[in-house]
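Structure first, commentary second.
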Amino acid sequence: MILIKNGKIYCMNGKTIESGYIVINKGKIVEVGEGIPSGGMHAEEYDCKGGYVFPGFIDAHCHIGIAEDSIGTEGDDLNEMSDPATPHLRAIDAINPMDPAFVDAVQAGVTCVMTGPGSSNVIGGQFAVIKTYGKRIDDMVVKSPAAMKIAFGENPKSSFNEKRLSPMTRMATAALLREYLFKAQEYNSCWEEYNNNPGENDKPEFDFKLDSLCQVLKKSIPVKAHAHRADDILTAIRICREFGLDFTLDHCTEGHLITDIIAAENIPVIVGPALVDRPKPELRSLTFKTPGILSSNGVKVAIMTDHPCTPIQYLPLCAALSAKNGMDEYEALKSITINAAEILGISERVGTIEPGKDADISVFNFHPFDYRSTAQMVMVDGVVVVRS
């Protein structure tokens, strides 16, 4: 049994305890309360007097372990640019747990991330949700596959324009996505007919790409729609609605220009990265005001780093700068805890400090939005991975 005591606990479920305790057993939170728990001594005790205690932070969209730190092309497994449609790719086959960025993540209190392929392809492949501490990716997985990456706008268009191959326009990007989704619908129907009446129908030929997309059509996983510009965001909404898909809007850089539509459609968004320059035209409206505008209009918002675009250790800073630019402070904290967990479909395990949840805990010497703040202790699944 492990006891964390005397800290100000931000449970992130609407409850904040000025001075409280957390009891942990076998990697899970078993008790949370005010003061000191009754009962005997615990095997390990951590006195966090004066500290700020949070659930481990969650980066809802990044490329950690796939776009590796410091080693250039050898560590770049972000985009399989030989083909604009690669739904069968799986992030877990590219993530390197030895990427130094994982150390940066845990030292900043980031204990869980969604990571996966980049946005050069119209259909990039399957993301995974993982913990940020471990040696073997199979042991770090929280959810895999967790989402299917699709991309709109400048990235797929420019990537294949260089090759003089389709898609070279936004029309072709949308057409290719529709083509694959229609084919996946037909493929799924053929398999359903065969499975229902195996003696009356020929067994369909297996297609790895279409089989992977069937998970999206069946709503086993959502799609992550990479879209910056307002018109690209609306195209993403249009196609996802056509096929009845569950989806998130990722980046959503110009979301503040069409907030009324996003709010009316009740779509969760993962905003960022904003802690960058404006290296391409579709980022001309980039602002830290976007999360606050969306959130204040009832949109559920998570904030991302898109690591390595913004280094993952600056996730709390991105939330802080969003608060500085008009986002409610508590909503900014939710954007990297419970909101991120709910959007990623993992809130039964992480995102709050309450009994039954994974013991992912971050303790800071100052409020994490304070520039002086550092993580004094970080715990992942009940294991102390940072202690200063």
Side-chain angles (χ1 to χ4, degrees), residues 4-20 22 29 32 46-62 64 101-114 131-133 270-275 288 291-292 295 301-307 310-343 350-354 357-380 384-388:
I4 297 173
K5 62 182 182 181
N6 295 329
K8 183 174 182 177
I9 303 173
Y10 288 74
C11 298
M12 298 314 301
N13 58 1
K15 183 178 181 180
T16 300
I17 301 172
E18 289 299 322
S19 181
I22 305 168
I29 298 168
V32 182
Y46 297 94
D47 192 336
C48 300
K49 188 174 183 179
Y52 295 76
V53 184
F54 283 85
F57 295 146
I58 302 167
D59 192 336
H61 181 127
C62 69
I64 190 171
F102 282 108
V103 175
D104 295 335
V106 294
Q107 288 180 343
V110 181
T111 59
C112 191
V113 298
M114 177 178 264
K131 298 294 180 76
T132 53
Y133 179 77
I270 303 172
V271 181
L275 193 59
F288 269 110
S295 177
V301 175
I303 289 174
M304 65 151 102
T305 64
D306 203 23
H307 176 92
T310 298
I312 196 162
Q313 62 266 34
Y314 299 131
L315 178 65
L317 176 59
C318 292
L321 289 170
S322 298
K324 179 182 178 181
N325 283 270
M327 192 177 196
D328 176 80
E329 183 178 283
Y330 194 74
E331 287 297 319
L333 290 169
K334 287 172 64 178
S335 75
I336 56 174
T337 54
I338 185 56
N339 277 9
E342 289 178 348
I343 290 171
V350 295
T352 60
I353 296 176
E354 52 190 334
K357 296 290 185 77
D358 292 358
D360 294 355
I361 308 290
S362 297
V363 182
F364 299 90
N365 57 344
F366 293 95
H367 190 285
F369 288 178
D370 189 317
Y371 76 93
R372 298 169 295 175
S373 176
T374 58
Q376 302 298 290
M377 184 183 75
V378 178
M379 184 179 285
V380 179
V384 176
V385 297
V386 173
R387 179 71 170 161
S388 62

Residue pair Val350 / Ala341: nearest heavy atoms and the distance that separates them: O-CB, 3.4 Å
Least distance between heavy atoms, Pro311 atom then Thr305 atom: O-CG2, 4.1 Å
Pro291 to Ser322 - nearest heavy-atom pair and separation: CG-OG, 3.6 Å
Tyr10 versus Pro55, closest heavy-atom pair with distance: O-CD, 3.2 Å
Whether Asp59 side chain and Val113 backbone form a donor-acceptor pair below 3.5 Å: no
Test side chain to side chain contact (heavy atoms under 4.5 Å, CB included) applied to Phe288 and Ile303, Val271, Leu275, the passing residue: Leu275
Side-chain heavy-atom pair Val32, Cys11 within 4.5 angstrom cut-off: yes
Rounded distance (nearest 0.5 Å) linking atom CD1 of Ile58 with atom NZ of Lys131: 9.0 Å
Least distance between heavy atoms, Val378 atom then Ala375 atom: CG2-CB, 3.7 Å
Side chain to side chain, Asn13 and Ile338, heavy atoms closer than 4.5 Å: no
Donor-acceptor contact present, side-chain Thr310 to main-chain Pro273, <3.5 Å: no
Pairs flagged by salt bridge (Lys or Arg N to Asp or Glu O under 4.0 Å) wherever residues 362-380 is involved - sequence neighbours left out: Asp370-Arg372
Asp360 side, atom CG; Tyr133 side, atom OH - distance, nearest 0.5 Å: 13.0 Å
Contact check, side chains of His307 and Leu315, non-hydrogen atoms, under 4.5 Å: no
Residues that Phe369 engages under ring-ring contact (aromatic ring centres under 6.0 Å, His included), provided they are two or more places apart: His367
Centroid-centroid distance, Tyr52 to Phe364, less than 6.0 Å: no
Nearest-0.5 Å distance that lies between atom CD1 in Ile336 and atom OG in Ser362: 9.5 Å
Met114 and His61, any side-chain heavy atoms less than 4.5 Å apart: no
Audit row: Ile361, Ile29, side-chain contact (heavy atoms from CB on, under 4.5 Å) steps and yes/no: CA-CA 10 Å; Ile361 308 290; Ile29 298 168; 4.1 Å; yes
Reported OG1-to-CG distance for the pair Thr374 and Asn365, which is rounded to 0.5 angstrom: 3.5 Å
Derivation of the side-chain hydrogen bond (donor to acceptor under 3.5 Å, both in side chains) call for Glu18 and Thr16: CA-CA 6 Å; Glu18 289 299 322; Thr16 300; over 6 Å; no
Steps toward side-chain contact (heavy atoms from CB on, under 4.5 Å) verdict (Met12, Ile353): CA-CA 7 Å; Met12 298 314 301; Ile353 296 176; over 6 Å; no
Backbone of Val110 reached by a side-chain donor or acceptor of Thr132 within 3.5 Å: yes
Nearest-0.5 Å distance, CE of residue Met379 to OG1 of residue Thr111: 11.5 Å
Side-chain donor-acceptor pairs under 3.5 Å in residues 323-334, sequence neighbours left out?
from   : atom 1 : to     : atom 2 : distance (Å)
Asn325 : ND2    : Leu321 : O      : 2.7
Asp328 : OD2    : Tyr330 : N      : 3.1
Asp328 : OD2    : Glu331 : N      : 3.0
Tyr330 : OH     : Gly14  : N      : 3.1
Glu331 : OE2    : Lys334 : NZ     : 3.2

Atom pair OG/NZ of Ser19 and Lys5 - distance to nearest 0.5 Å: 10.5 Å
